[in-house]
Amino acid sequence: MATWLYRLGLGAYRRRRLVLAAWLAVLAGAVCALVVVGGKLDNEFTIPGSESQQAQDTMAEDFPAAAGTSAQIVFTAPDGAKVTDPQAAQGIQRTLTAAQDAPQVAAVIPPDKAGTVTPDGRTALAQVNYDVSRSDLDDGTLDSLEETTRAAEEAGLEVSVGGQAYGNGVLTPSVLELLGVVVALAVLAITFGSLLAAGMPLLTAFVGVGTGLAGLLAVSSGVTVSSTALSLALMLGLAVGIDYALFVLSRHRTQLAQGMEPRESAGRAVGTAGSAVVFAGTTVVIALVGLLVVRIPFLTVMGLSAAATVLIAVLVAVTLLPALFGLAGARLAPRPGSRAARRATVAAGEVPARGTEKATEEAPEEATEEAAAKASVMGQRWARLVTRRPLLVVVGTVAALVTLALPAADLRLALPDNGTAAHGTSQRETYDTVDEAFGPGFNGPLLVLAEADTQGQAGQQQAAAVAGRLQELPGVVKVGQPQYAPESGRAVIQVVPEGGPQDESTQDLVDAIRGDASVIERETGAAVSVTGTTAIGIDVSDRLSASLLPFAAVVVGLCLILLLLVFRSLVVPVKATVGFLLSVAASFGAVVAVFQWGWLADALGVARTGPVVSFLPIVLMAVLFGLAMDYEVFLVSSMREEWVRTGRARDAVIDGAGHASRVVTAAALIMFFVFASFVTTEDAIVKPIAFSLAFGVLVDAFVVRMTLVPAVLAMVGRGAWWLPRGLDRLLPDLDIEGARLHEPARAEPARPLTEINASSG
């Protein structure tokens, strides 16, 4: 693979203008496609094959208004007044009449008919039904509904509009969210000491992200794409796009500082660091594509969208980036005498070019000591520290990660509702008012589809018997009058639970109804099934929970196999896999502590604590797996190179960490700040995902890879690189480190940079 990528890098360098034109054409094509076909995001959660989804589809045949989405209008009278007062009642009536004429409204259920007026008469709740799903509501439909409330407000009532028709909106990057890009630029500038070099990863990342997002929005006109999928693709595209370019560019500049010709250096950078980028990107793509096994459409699209963005980032890193190397030529080389140049010469095993040659010749021992001292950069010092007492470091690190993971035992999963919306929004005000005035169950009623074995009046009696039977179940606050279709014998019955949509008691009630379904059918003659937005959300969470362990097993198995192929070692894959599991567990623990227990919730702007968004664990495992493999490959491959060169196990760990730690640290910091910038969003889905990824990257890079990995490898010693001879012969040699590129026939004689400036520009 390294040889093929080497040739690809050389080809992109030689034909730099053609490669650049091709990428600009791809970006322009994606943007034009978006402009022509447009796009529409769909945040509807569906789960084909589940009882709730099947009942929802059946219900739509006879009761389109009940099967579609709905909105709520809450009227609140001032202190000392009632909604039944003549002026207030007249205002409510005018509002409901106007609502009935609003776009796409199928039915309006007034408070007196629904029985939703509080005992004190101060608050009334009306329901507005649409015969389409939330994603099929036209732009401006909800705005038109909100305009109908003027009559009630003029009557002195406080009015708010919310309900299931309102959901999480599209994430629009704000100044705070784009701050991560600014911090990434600062990290790159400090890492490279050059604005030209620092700007290159950002430029390539923007090209990749722009292409990916424009293409994703274009296909959303024919495929269901959620705003969360768009947000995840944006986060991942920025993070991996910058990081992958950083890895390749760092290798290129190091080789330039060592005197290698820019064209040869571009090829070798793509062949070595590019091989690791391709491997790391492939692991991310495979893990994200693995979300297909969950068999939930919105999660499948989310995984494929993010995977496509990562794939584009890899292609950009191995084609567009070397083309830009060709345009920059020798200008990317660190200035002679700079810190970057001295680090490069130390990495090559040479004495830093400080002082005069005469001084070096007069005092070779002192110069060698100076080189060794300069080589003892922060990464080496840290590696030397953690390998001094490796067993103590391993025990302490594992204990700390296990402690962080303890809250994960309390992990609860659910889909977000309007109770997690930002404070001050109309849907959040409505949700809170309904919760306080009527009870949490009115924010997430269940729908029970009763299918009688006969039509006409006999079927209606069976539906009434089902309603009476449901009223007897524990945890039921209210059972509505059955809506009956005499032609089919089907009826829809609204059941209001005691708890809210995310409460365990509501899930218990759904389980109880389904558990008693056969008994109810035997007693009444009607088959029953539970559906509605709340029940669908419960089914989605149940399927995701059931898929978590199988998905984890696939990811862990993939981790072991891939690392076994790359490092040809038994210890390294096992150690990496255990470290990955510790990182994931610690991230789960942090998410539970913040978003369920409320630790630092106010500081992070968490609108409401409660169950974690149900697909977060699987998304976190898929993404963090690939990112963890990034750091593992770049760090351990550097250690393995030193081991192959010197044969000294402990020195290889220390020196390898010194060579790779600066780039890994910069990459991890960029990842962290990009993800952390999205924690500022008020989106109830994006916020916990961004937090978990930011925390996971921080823990995995600095605690697991930079601390636990060197300690374990130092403790194992030479055994870290052992592989049974028979297995060694069976495994293919992927040559991730690009060892074949160091063959004499491959390399061209290096010339001083001063001789090639003109030809390489």
Who are the side-chain hydrogen bond (donor to acceptor under 3.5 Å, both in side chains) partners of Q596, not counting sequence neighbours? none
In Å and rounded to the nearest 0.5 Å, what is the [atom1] to [atom2] distance from [X] to [Y]?
{"X": "D539", "Y": "Q54", "atom1": "CG", "atom2": "CD", "value": "10.0 Å"}
{"X": "F580", "Y": "Y631", "atom1": "CZ", "atom2": "OH", "value": "13.5 Å"}
{"X": "L635", "Y": "T665", "atom1": "CG", "atom2": "OG1", "value": "9.0 Å"}
{"X": "L713", "Y": "L708", "atom1": "CG", "atom2": "CG", "value": "9.0 Å"}
{"X": "I538", "Y": "S50", "atom1": "CD1", "atom2": "OG", "value": "11.5 Å"}
{"X": "L246", "Y": "L669", "atom1": "CG", "atom2": "CG", "value": "10.5 Å"}

For residues [X] and [Y], report the shortest heavy-atom separation together with the two atoms involved.
{"X": "R251", "Y": "T272", "result": "NH1-OG1, 3.0 Å"}
{"X": "L216", "Y": "A233", "result": "CD2-CB, 4.2 Å"}
{"X": "F634", "Y": "A273", "result": "CZ-O, 3.9 Å"}
{"X": "F672", "Y": "A694", "result": "CD1-O, 3.4 Å"}
{"X": "A586", "Y": "A405", "result": "N-CB, 3.9 Å"}
{"X": "M671", "Y": "A239", "result": "SD-CB, 3.3 Å"}

Within the supplied structure, the quantity of interest is the number of heavy atoms (other residues, nucleotides, ligands) at a distance under 6.0 Å from W4 CH2; does it exceed 12? no
Testing V540, L415, L413 for side-chain contact (heavy atoms from CB on, under 4.5 Å) with F615, which one passes? L415
Taking the side chain as every heavy atom from C-beta outward, state whether [X] and [Y] have any atom pair closer than 4.5 Å.
{"X": "V284", "Y": "F625", "answer": "no"}
{"X": "T397", "Y": "V704", "answer": "no"}
{"X": "V31", "Y": "T211", "answer": "no"}
{"X": "L288", "Y": "V619", "answer": "no"}
{"X": "V277", "Y": "V270", "answer": "no"}
{"X": "V584", "Y": "F588", "answer": "yes"}
{"X": "T204", "Y": "W23", "answer": "no"}
{"X": "F206", "Y": "V181", "answer": "yes"}

Check the pair L230 / L213 against side-chain contact (heavy atoms from CB on, under 4.5 Å), numbers first and verdict last. CA-CA 7 Å; L230 187 71; L213 294 188; 3.8 Å; yes
Sorted by first residue and then second, give each salt bridge (charged side-chain N to carboxylate O under 4.0 Å, His left out) pair with at least one member in [range]; sequence neighbours left out.
{"range": "residues 692-704", "result": "D700-R705"}
{"range": "residues 573-592", "result": "K575-E632"}
{"range": "residues 605-618", "result": "D417-R608"}

Using 30° and 60° as the class limits, which term best fits the ring planes of F325 and H252: parallel, tilted or perpendicular? parallel
Check whether [X] reaches the backbone of [Y] with its side chain - one donor and one acceptor, N or O, closer than 3.5 Å.
{"X": "T283", "Y": "A280", "answer": "yes"}
{"X": "K687", "Y": "L604", "answer": "yes"}
{"X": "S275", "Y": "G271", "answer": "yes"}
{"X": "S692", "Y": "I689", "answer": "yes"}
{"X": "S614", "Y": "D542", "answer": "no"}

Can you give the donor-acceptor pairs under 3.5 Å from side chains of residues 543-559 to other protein atoms, not counting sequence neighbours?
residue : atom : partner : partner atom : Å
R543    : NH1  : R295    : O            : 2.9
S545    : OG   : S541    : O            : 2.9
S547    : OG   : R543    : O            : 2.8

Kindly determine whether F595 and F691 satisfy ring-ring contact (aromatic ring centres under 6.0 Å, His included), including the steps that lead there. CA-CA 10 Å; F595 291 90; F691 172 83; 5.6 Å; yes
Would you check if there is a donor-acceptor pair between the side chains of Q164 and T69 at a distance under 3.5 Å? no
Table please: side-chain donor-acceptor pairs of residues 299-312 below 3.5 Å, with sequence neighbours left out.
residue : atom : partner : partner atom : Å
T300    : OG1  : I296    : O            : 3.2
S305    : OG   : V301    : O            : 2.6
T309    : OG1  : S305    : O            : 3.0

Does I536 form a side-chain contact (heavy atoms from CB on, under 4.5 Å) with Q53? I'd like the steps, not just the answer. CA-CA 7 Å; I536 291 176; Q53 191 65 52; 3.9 Å; yes
Worked check of side-chain contact (heavy atoms from CB on, under 4.5 Å) between Y244 and V248: CA-CA 7 Å; Y244 291 167; V248 178; 5.9 Å; no
Would you check, one step at a time, whether the test side-chain contact (heavy atoms from CB on, under 4.5 Å) holds for T609 with W597? CA-CA 7 Å; T609 58; W597 295 358; over 6 Å; no
